[in-house]
Amino acid sequence: KNQVEQSPQSLIILEGKNCTLQCNYTVSPFSNLRWYKQDTGRGPVSLTIMTFSENTKSNGRYTATLDADTKQSSLHITASQLSDSASYICVVSAGGSGGGADGLTFGKGTHLIIQP
Amino acid sequence: GAVVSQHPSWVICKSGTSVKIECRSLDFQATTMFWYRQFPKQSLMLMATSNEGSKATYEQGVEKDKFLINHASLTLSTLTVTSAHPEDSSFYICSAPSLAGDQETQYFGPGTRLLVL
């Protein structure tokens, strides 16, 4: 059964600090991994997408890494801002799904709170 | 980038009434769209796949007569929650696929919060 596990479940850090969120997956065959940011009461917004051959990808202060051998990914947030407070969802796509949502496995997300 | 909108953003209704939620792809066409529901602090759960010009396909455990889906055009899908009950209260999100670079990715709508009294 395809699964995506995220840790920690929730995290509180002070504004300006860095943090790293983890995602472990057992999805086969693997196609790609995406990190989404979901603000409270809003739909998810894509941050990064990585395929099997990509080890790291950045989007501003967000840097995602992928180790396809250990089936682990991380999302590093640098110099956090109050607006970073949100849920961060790791989504893994199974190969052959053609990008359809029926081939996606969602993590439960990490709820991040940035305190001033 | 691709934009998906939903309407309404929130709705409160009485038990027993029906509620229609619209999902639109604003700057691209989508032959398929997807509907999810999300409970507080939980992950998105795929409910059904909306197919333009044909019947929707539902995930196991989702009542098709309860959640009516119509994909009227290449830019519009609607989800109707029929005879809504308090347990249908949830956050409903749609998505549509589009290319991001060379990868097809899902673009999500902003969600619709439904409260059934």
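In what follows, every chain begins at residue 1, and chains take the letters A, B, ... in the order their sequences are listed.
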Q. Are Glu15(A) and Lys17(A) within salt-bridge range, i.e. N to O under 4.0 Å?
A. no
Q. Looking at Gly111(B), Ser9(B), Cys94(B), Ser43(B), which one has more heavy-atom pairs under 4.5 Å with chain A than the rest?
A. Ser43(B)
Q) Which of the residues Gly109(A), Ser10(A), Gly107(A) is involved in the greatest number of heavy-atom pairs with chain B at under 4.5 angstrom? A) Gly107(A)
Q) Gln6(A) versus chain B, heavy atoms under 4.5 Å apart: side chain, backbone, both or neither? A) neither
Q | Straight-line distance of Ile93(B) CD1 to Arg113(B) CZ, nearest 0.5 Å | A | 9.0 Å
Q.
Less than 4.5 Å to any heavy atom of chain B: does that hold for the side chain of Thr40(A), its backbone, both, or neither?
A. neither
Q.
Working to the nearest 0.5 angstrom, can you tell me the gap between Ile113(A) CD1 and Leu82(A) CG?
A. 12.0 Å
**Q.** Per-residue contact mode, Leu44(B) against chain A (heavy atom under 4.5 angstrom)
**A.** both
Q | Ring centres under 6.0 angstrom apart (Phe67(B), Tyr58(B)) | A | no
Q.
Let's test your reading of the structure: which of Gln38(B), Lys41(B), Gln42(B) forms the most heavy-atom pairs below 4.5 Å with chain A?
A. Gln38(B)
Q.
Could you check whether any side-chain heavy atom of Thr105(B) comes within less than 4.5 Å of a side-chain heavy atom of Ser98(B), counting everything from C-beta outward?
A. no
Q.
Less than 3.5 Å apart, any donor N or O on the side chain of Ser95(B) or Tyr36(B) sitting next to an acceptor on the other?
A. yes
Q: Measure distances from Gln6(B) to the heavy atoms of chain A and classify the residue's part below 4.5 Å as side chain, backbone, both or neither.
A: neither
